[in-house]
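First the proteins, then the strands, lettered A, B, ... as listed; each starts at 1. Worth knowing before you read on, the calculation uses all heavy atoms, side chains too, and leaves out hydrogens, waters and symmetry mates.
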Protein chains: 2
Amino acid sequence: MPRKGLTKTAIVDAAIALIEEQGNRAFSLNELARCLAVRPASLYNHFENMEVLTGAVGFRIAEMIRRSELDAIAGMHGDEALFALCDAYRAFAREHMDLYKVIMGMQKDKNACTETACGEMIEPILLVLSDYGLTESDKMHWQRILRAMMHGFITHEYAGGFRHYPADHNETYRMAIQMVALGIHTAQKESEQ
Amino acid sequence: MPRKGLTKTAIVDAAIALIEEQGNRAFSLNELARCLAVRPASLYNHFENMEVLTGAVGFRIAEMIRRSELDAIAGMHGDEALFALCDAYRAFAREHMDLYKVIMGMQKDKNACTETACGEMIEPILLVLSDYGLTESDKMHWQRILRAMMHGFITHEYAGGFRHYPADHNETYRMAIQMVALGIHTAQKESEQ
DNA sequence: GTATAATACTAATGCTATTAGTTTGTCTTA
DNA sequence: TAAGACAAACTAATAGCATTAGTATTATAC
C-alpha cells in the first residue's frame with residue numbers, strides 16, 4: 001500500500017542485525033520481513049529470491065572481513081603481517097560466527113555479487129603475500145593454502161572437532177601459521193635463485 | 001498399521017542412498033519416508049528427531065571415510081602414507097560431496113553418536129602421524145592442522161573459491177601436504193634432540 | 001492533472017519438521 | 001490357547017518456510 005521506504009541497503013542492514021542478534025537459524029525471509037514491519041512478499045520487490053538476498057548479505061560480510069584484515073595488517077610487513085592477518089581472520093569468525101557461516105555457506109560461483117565478495121576477502125591476503133617476492137603462480141597457490149588452513153581450522157574448532165584432546169587451540173593455530181610461513185620462505189628462496 | 005520391518009539401519013541405508021542419488025537438498029524426513037514407503041511420522045518411532053537421524057547418518061559416513069583412508073594407507077609409512085591419506089580424503093569428498101557436506105555440517109559435540117563419528121575419522125590420521133615419533137602433544141596439534149588444511153581446501157575448492165585464478169588445484173593441494181610434511185619433519189627433529 | 005511504474009499488499013500453494021492421539025500387529029505370559 | 005501389553009505404524013493437525021499471482025495504492029514523470 002504506502003511506500004515504506006524499503007531499500008536494498010536497509011534490507012541487508014536488517015538481515016545483518018537479525019543474524020547477529022538472533023543467530024543464523026532465525027534468519028528467514030519471514031523473520032526478516034517481521035523485523036522490517038513488512039509482509040514477506042514485499043521483499044521480492046527488492047530481491048529476486050532468498051539466494052540473491054543472501055548473496056547481498058554475504059557481500060556486506062565480505063566487506064567487514066576485508067576491513068578487519070586491512071586494519072590488522074596496517075603498517076606491517078612479512079611474517080608479522082601474516083600472523084596479524086590470520087589472527088584477525090580468526091577473531092572475526094569467533095566474534096561473528098553466525099555471519100561467518102553465512103558467507104562460507106555460499107556457492108561462490110553462483111552470481112556476480114558473491115564472486116566479487118570472494119575477491120574482497122582475498123585482497124588483504126594477496127597484499128601480505130606480495131611482500132615475499134613470490135612468483136605470481138606461487139602467490140596464488142599460497143593464498144589458497146592460507147585460506148584453506150584458516151577456514152578449515154575455524155570450522156573444526158567451532159564444530160567441536162578439536163575437543164577430544166585438551167591441547168591449546170591457540171597454540172595449534174600459531175603452529176599452523178608458522179608452518180605456512182616456513183613453506184612460503186622455502187618458495188621464496190627457490191624463486192630468488 | 002502392520003509392521004513394515006523398519007529398522008534404524010534400514011532408515012540410515014535409505015538416507016545415504018537418497019543423499020547420493022538426489023543430493024543434499026532432497027534429504028528431508030518427508031522424502032525419506034517416501035523412499036521407505038512409510039508415513040513421515042513413522043520415522044519418529046526410530047529416531048527422536050531429524051537431528052538425531054542426521055547424526056546416525058553422519059556416523060555411517062564417518063565409517064565410510066575411515067574405511068577409504070585405511071585402505072589407502074595400507075602398508076605405507078611416513079610421507080608416502082601422509083600423501084596417500086590426504087589424497088584419499090579429498091577423493092572421497094569429491095566423489096561423495098553430498099555425504100561429505102552432511103558430516104561437516106554437524107555439530108560434533110551435540111550427541112555421543114557424532115562425537116564417536118569424529119573419532120572414527122581421526123583414527124587413520126593418528127595412525128599415519130604415529131610413524132613420525134612426535135610427542136603426544138605435537139601429534140595432536142598436527143592432526144588438527146592436517147584436518148583443518150584438508151577440510152578447508154575441499155570446502156573452498158567445491159564452493160568455487162579457487163576459480164578466479166587458473167592455477168592447478170592438484171598442485172596447490174600437493175604443495176599444502178608437502179608443507180605439512182615439512183612442518184612435521186621439523187617438529188620430529190626437535191623432539192629427537 | 002493524468003498516466004505509468006514501482007511498491008506493498010492479500011491470499012494461496014506446497015514444502016518442511018513435529019506432535020497428539022488412534023489403530024493394529026506381534027510377542028509374552030498366564 | 002487366550003489375554004494383555006508393547007511397539008510400530010497410522011491419521012490428522014499445527015506452525016513454520018519460500019514463493020507466486022493478482023490487486024491496490026502511491027510517488028513520479030509527462
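Atom CZ in A:F27 sits about 18 Å away from atom P in D:dG16, given to the nearest Å. Atom CD1 in A:I11 sits about 14 Å away from atom P in D:dA18, given to the nearest Å. Straight-line distance from the CG atom of A:L43 to the P atom of C:dA8: 9 Å, rounded to whole Å. In this structure, the CG atom of A:N30 is 14 Å from the C1' atom of C:dA12, given to the nearest Å. If you take CD of B:Q22 and C1' of C:dT16, they are 16 Å apart, rounded to a whole angstrom. At whole-Å resolution of the value, CE in B:M50 and C1' in C:dA17 are 9 Å apart. To the nearest angstrom, C1' of D:dT20 lies 12 Å from CG of A:N49. Computed from coordinates, the A:E31 CD to D:dA15 C1' distance equals 14 Å when rounded to whole Å.
Applying the 4.0 Å criterion to OP1 and OP2 of C:dT16, one finds that B:R34 has a side-chain N or O inside that range. Distances shorter than 4.0 Å separate none of the side-chain N or O atoms of B:S42 from OP1 or OP2 on D:dA8. An OP1 or OP2 oxygen of C:dA8 is reached within less than 4.0 angstrom by a side-chain nitrogen or oxygen of A:H46. The phosphate of C:dT16 (OP1 or OP2) has a side-chain N or O of B:S28 nearer than 4.0 angstrom.
Considering only side-chain atoms of B:L29, the nucleotide from D:dC10, D:dA18, C:dA17 that sits closest is C:dA17.
Interface remark: the A:N45 side chain does not form any donor-acceptor pair with the C:dA6 base, using a distance-only criterion of under 3.5 Å.
Remark: the B:Y165 side chain and the A:H141 side chain contain no N/O donor-acceptor pair separated by less than 3.5 Å. No side-chain donor from either of A:Y173 and A:D168 sits under 3.5 Å from a side-chain acceptor of the other.
Looking at A:E31 and A:R34, a side-chain N of the basic residue comes within less than 4.0 Å of a carboxylate O on the acidic one, giving a salt bridge. Using a cutoff of 4.0 Å between basic side-chain nitrogens and carboxylate oxygens, A:E63 and A:R66 are not scored as salt-bridged.
Residue B:T7 is the one, among A:A26 and B:T7, whose nearest nucleotide of DNA chain D lies closer to the 5' end (criterion: closest heavy atom).
By the 6.0 Å and 45° rule, A:K139 does not stack over the aromatic ring of A:Y132.
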